[in-house]
Amino acid sequence: MPRPTAAQLVYGSCTVIFSTLAMLLLSQTSSGLGITVIVLAAMALGLLVAMTVPLPPAAKAEAASGSAEPAPQEQQQPVSTPL
């Protein structure tokens, strides 16, 4: 499994923070169990968001091939055009 990118970490973290705050403010809960449920739900939502952020093309190729080496690129031959 490839390591998460910076964008994935940022999106996931922001989702956890803002969704936790929003749910706590909207629910107005003060019990420990309610806060625990909200925090766990926010963490699950943050994980979902982080894993669905599109990967850059190099990371997609690496994840698909399962190797750390980049895929070899084909060399293009120059095309001569008549004058």
Side-chain angles (χ1 to χ4, degrees):
M1 183 174 170
R3 293 184 177 187
T5 63
Q8 288 175 310
L9 292 174
V10 170
Y11 286 142
S13 298
C14 288
T15 301
V16 170
I17 292 167
F18 291 127
S19 62
T20 302
L21 289 174
M23 286 188 278
L24 285 173
L25 289 173
L26 290 173
S27 69
Q28 297 179 354
T29 186
S30 60
S31 68
L33 181 61
I35 293 172
T36 303
V37 169
I38 288 174
V39 168
L40 289 175
M43 290 182 71
L45 184 61
L47 181 64
L48 178 69
V49 168
M51 298 311 291
T52 57
V53 171
L55 294 174
K60 284 183 185 178
E62 183 179 317
S65 67
S67 67
E69 296 180 17
Q73 297 179 352
E74 295 181 21
Q75 294 182 356
Q76 295 181 353
Q77 298 294 329
V79 178
S80 61
T81 56
L83 297 175

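Sequence positions, counted from 1, serve as the residue numbers for this chain.
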Solution key, residues 10-20 side-chain donor-acceptor pairs under 3.5 Å, sequence neighbours excluded:
| residue | atom | partner | partner atom | Å |
| --- | --- | --- | --- | --- |
| Ser13 | OG | Leu9 | O | 2.8 |
| Thr15 | OG1 | Tyr11 | O | 2.7 |
| Ser19 | OG | Thr15 | O | 2.5 |
| Ser19 | OG | Val16 | O | 3.4 |
| Thr20 | OG1 | Val16 | O | 2.6 |

Practice item. For residues Gln8 and Arg3, report the shortest heavy-atom separation together with the two atoms involved. Key: OE1-O, 4.4 Å
Output a table of donor-acceptor pairs, distance under 3.5 Å, between side-chain atoms of residues 34-51 and any protein atom two or more places apart or on a different chain; print 'none' if there are none.
| residue | atom | partner | partner atom | Å |
| --- | --- | --- | --- | --- |
| Thr36 | OG1 | Gly32 | O | 2.7 |

